[in-house]
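First comes the structure, then the notes that go with it.
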Amino acid sequence: MLTKYGNMHLFTYKLVAPVPSLTALHTFALPSTANNIVKITDSQQLTKIDWQRRHLLLGEGSNTVFIDDFAGDVILVANKGIEVTEHDDSYHVRVCAGENWHQFVSYCVSNEIYGIENLALIPGTVGAAPVQNIGAYGVEVKNFIHLVDGFDIEVGQFKTLSAEQCQFGYRDSVFKHHYKSRFVITHVEFSFSKTWRPNLSYGPLQSLKAPTAQQVLNEVIKIRNSKLPNPSVLPNAGSFFKNPIVPEKHFNSLLARFPELPNYPSLPGFKKLAAGWLIEQSGLKQEKIGGIAVHQQQALVVVNHGQSTGNDLINYIKLIRRRVLDKFNIALEPEVRLIGKLGELTLGDIDDR
Ligand code: FAD
Ligand code: EPU
């Protein structure tokens with residue numbers, strides 16, 4: 001600050017505590033800050049937090065993108081521990097929310113507990129896995145979740161939710177609706193049958209002949225490494241948009257125009273389409289705003305080549321959505337959670353910027 005003193009100008013400095021950076025706490029790595037970062041290593045700490053302050057729950061930030069500096073506290077869920085109970089025909093595994101997902105998958109396979117090997121190498125924590133019901137290569141985590149334990153912020157109590165109460169759907173659960181931002185998942189309990197058969201429903205896995213779970217895990221890692229950028233090399237947040245689900249009538253009219261349109265079964269009367277294909281066909285592999293672009297091997301993954309701002313990303317999201325809407329009459333919805341100064345941004349907030 002420049003202060004006038006008599007005829008002289010003096011520089012005076014006000015000492016302020018450094019603002020914590022979020023850049024390394026989200027895999028999209030846009031520069032951003034929070035007011036405070038509170039790390040939870042024991043679930044009892046949750047009863048001591050002042051929840052009236054603006055806050056945001058965070059695991060490893062691989063499905064969260066900080067667009068602006070967040071004017072609130074980030075609550076990092078980082079409790080650790082895995083407990084296995086053996087039953088006659090199954091294993092029950094209770095896992096603390098802060099455990100790393102891929103390490104948990106590897107732990108299961110190396111302890112001969114099978115079922116989630118198709119979900120290998122998905123970044124993030126165990127606690128975030130139920131939030132969007134993570135899925136890949138023909139498997140969704142909901143198939144193995146027995147219950148979810150957590151802290152209900154609104155009533156200030158710990159609660160247990162059965163798998164049914166979690167209302168899992170494609171990239172969806174009760175944690176994105178009724179319990180959005182109000183339920184801190186502290187533990188997830190999984191149930192794995194001792195009778196195991198590999199799930200090879202995803203085309204490229206069908207080349208495996210009577211594989212072991214370890215071989216399935218290795219193949220999934222190989223496929224993922226060939227398509228998906230490693231966030232620590234090229235920052236990204238995985239699939240940026242959900243694959244759209246459209247009524248069959250709309251699908252049939254598109255198929256008449258684009259006979260090669262990839263499509264998958266969905267609810268009766270609907271088809272799921274591949275957003276990556278729609279984005280590539282809209283010419284977006286040739287587009288860049290600042291350092292923001294789509295990945296050349298997988299157009300559904302938006303990447304940050306660096307030197308990018310939150311506004312570059314907002315403009316790129318608008319560009320993708322406009323192009324796909326104009327060409328296919330489909331409004332893509334973000335899969336990632338976009339966080340602005342005051343909290344999560346809606347599509348309306350994005351359109352208004
Ligand atoms: P964060 O980004 O930290 O949080 C995600 C959301 O969950 C936020 O809204 C946050 O508030 C909330 N949350 C986090 N922890 C808790 C908690 N303990 N209690 C309550 N709410 C909480 N996803 C897939 O489904 N399939 C894939 O194949 C896949 N591949 C990916 C590949 C790459 C390269 C990347 C970067 C991401 C990929 N993702 C995929 C997305 C991501 O890995 C998952 O969504 C993952 O579960 C996010 O975990 P996280 O701890 O990083 O969550
Ligand atoms: N495609 C293209 N061009 C592209 C990208 C994809 O033509 O640039 C085509 C592919 O050729 C294929 C189809 O689109 O025919 C689907 O592609 P892919 O099998 O790679 O899967 P996806 O539908 O793009 C989904 C999940 C991924 C998950 C994979 C594997 C969503 C939003 N994404 O991607 O999850 O790993 O299937 O099961 O459902 C994530 O959620 O972050 C994520 C990475």
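Both counts, for ligands and for their atoms, begin at 1 and track the order of listing.
- Side-chain contact, W196 with E112: no donor N or O sits under 3.5 Å from an acceptor N or O.
- For atom 43 (C) of ligand 2, a protein non-hydrogen atom is found at a distance below 4.0 Å.
- Side chain to side chain, H177 and D172 meet the donor-acceptor criterion of an N or O pair below 3.5 Å.
- A heavy-atom separation below 4.0 Å is not found between Q281 and ligand 2.
- Remark: ligand 2 atoms within the under-4.0 Å shell around heavy atoms of A274 are 13 (C), 14 (O), 16 (C).
- At least one heavy atom of R224 sits less than 4.0 Å from an atom of ligand 1.
- Scanning the protein heavy atoms around atom 39 (O) of ligand 2, the nearest turns out to be Y170 OH, 2.8 Å.
- Every atom of ligand 2 is numbered from 1 in the order shown, and the set under 4.0 Å from a heavy atom of K285 is 8 (O).
- Judged by distance alone, the side chains of N304 and S308 do bring a donor and an acceptor atom under 3.5 Å apart.
- In this structure, the side chain of K327 engages the main chain of Q281 through a donor-acceptor pair within 3.5 Å.
- Taking every heavy atom of G238 and a limit of under 4.0 angstrom, the matching atoms of ligand 2 come to 42 (O).
- Taking hydrophobic clusters as Ile, Leu, Val, Met, Phe, Trp and Tyr residues chained together by side-chain heavy-atom distances below 4.5 Å, L273 does not share a cluster with L325.
- Ring pair F28/F66: centre-to-centre distance not below 6.0 Å.
- Hydrophobic clustering (side-chain heavy atoms under 4.5 Å, transitive across Ile, Leu, Val, Met, Phe, Trp, Tyr) keeps L332 apart from I245.
- By the criterion of a heavy-atom distance under 4.0 Å, both the backbone and the side chain of P123 are placed next to ligand 1.
- For the residue pair T309 / N311, no side-chain donor-acceptor distance below 3.5 Å is found, with atom types taken as modelled.
- With distances taken over non-hydrogen atoms, the option nearest atom 34 (C) of ligand 1 out of N236, V188, L228 is N236.
- Close approach of ligand 2 to L300 (heavy-atom distance below 4.0 Å) involves ligand atoms 24 (O), 32 (C).
- Remark: among candidates L261, V220, N243, the nearest residue to atom 25 (C) of ligand 2 is N243, based on non-hydrogen atoms.
- Atoms of ligand 2 lying under 4.0 Å from at least one heavy atom of R171, given by number and element, are 26 (C), 27 (C), 31 (C), 33 (N), 35 (O), 39 (O), 40 (C), 41 (O), 43 (C).
- Aromatic ring centres of F258 and F328: separated by under 6.0 Å.
- Proximity annotation for atom 20 (C) of ligand 1: of F175, F240, F183, F183 comes nearest, heavy atoms only.
- Using a 4.0 Å cut-off to heavy atoms of F241, the atoms of ligand 2 that qualify are 32 (C).
- For Y202, every heavy-atom contact with ligand 2 shorter than 4.0 Å involves the side chain, none the backbone.
- When non-hydrogen atoms are compared, ligand 1 lies under 4.0 Å from neither the backbone nor the side chain of W101.
- Remark: atom 37 (O) of ligand 2 lies closer than 4.0 Å to no protein heavy atom.
- Residue A299 has at least one nitrogen or oxygen atom sitting less than 3.5 Å from a nitrogen or oxygen atom of ligand 2, judged on distance alone.
- Aromatic ring centroids of F190 and F144 lie 6.0 Å or more apart.
- Atoms of ligand 2 found under 4.0 Å from any heavy atom of E335 (numbered from 1 in listed order, with element): 32 (C), 40 (C), 41 (O), 42 (O).
- The pair R321-E333 fails the salt-bridge criterion, with no side-chain N (NZ, NE, NH1 or NH2) lying under 4.0 Å from an Asp/Glu carboxylate O.
- Using a 4.0 Å threshold on non-hydrogen atoms, atom 18 (P) of ligand 2 counts as touching the protein.
- One finds no salt bridge joining K194 and D88 here, because no Lys/Arg side-chain nitrogen approaches an Asp/Glu carboxylate oxygen to under 4.0 Å.
- Of the polar atoms of Q132, none of the N or O atoms is found under 3.5 Å from an N or O of ligand 2, judged by distance alone.
- For ligand 2, none of its N or O atoms has an N or O atom of Q297 under 3.5 Å away.
- Proximity of S239 to ligand 2, defined as any heavy-atom pair under 4.0 Å, is shared by backbone and side chain alike.
- The proximity of E344 to ligand 1, defined as any non-hydrogen pair under 4.0 Å, does not occur for either the backbone or the side chain.
- Proximity of Y264 to ligand 2, defined as any heavy-atom pair under 4.0 Å, is confined to the side chain (atoms from C-beta onward).
- Numbered from 1 in the order shown, with element, the atoms of ligand 1 that lie under 4.0 Å from a heavy atom of T125 read 49 (O), 50 (P), 51 (O).
- Contact check on R171 versus E335 returns a salt bridge, with a Lys/Arg side-chain nitrogen under 4.0 Å from an Asp/Glu carboxylate oxygen.
- Residue E60 is tested with T27, T125, N100 for a side-chain hydrogen bond (donor to acceptor under 3.5 Å, both in side chains); the sole match is N100.
- For a threshold of 3.5 Å applied to N or O pairs, the pair formed by Y137 and ligand 2 contains at least one separation below that value.
- Taking the ring centroids of F183 and F175, they lie under the 6.0 Å cut-off.
- D69 and T33 are linked by a side-chain donor-acceptor pair at a separation below 3.5 angstrom, with hydrogens and angles left out of the test.
- A side-chain N or O of D149 and one of T160 form a donor-acceptor pair less than 3.5 Å apart.
- Distance remark: protein heavy atom present below 4.0 angstrom from atom 13 (C) of ligand 2.
- Here S181 has no heavy atoms under 4.0 Å from ligand 1, in either its backbone or its side chain.
- With a 4.0 Å heavy-atom cut-off, ligand 1 is reached by the backbone of L58 and by its side chain too.
- Ion pair D152/K159 flagged as a salt bridge, since at least one NZ, NE, NH1 or NH2 atom sits closer than 4.0 Å to an Asp/Glu carboxylate oxygen.
- Partners of N243 under the side chain to side chain donor-acceptor pair (under 3.5 Å) rule, at least two apart in sequence or in another chain, do not exist in this structure.
- Of the protein's non-hydrogen atoms, the one nearest atom 24 (O) of ligand 2 is Q298 NE2, 2.8 Å.
- Both the backbone and the side chain of I185 come within 4.0 Å of ligand 1, counting heavy atoms alone.
- In this structure, R171 has a heavy atom closer than 4.0 Å to ligand 1.
- Using a 4.0 Å cut-off to heavy atoms of R224, the atoms of ligand 2 that qualify are 36 (O).
- Looking at A128, P229, S173, G135 and measuring to atom 26 (N) of ligand 1, the nearest heavy atom belongs to G135.
- Remark: side-chain polar atoms of E287 are not paired, donor with acceptor, to backbone N or O of G283 under 3.5 angstrom.
- With a 4.0 Å heavy-atom cut-off, ligand 1 is reached by the backbone of E60 and by its side chain too.
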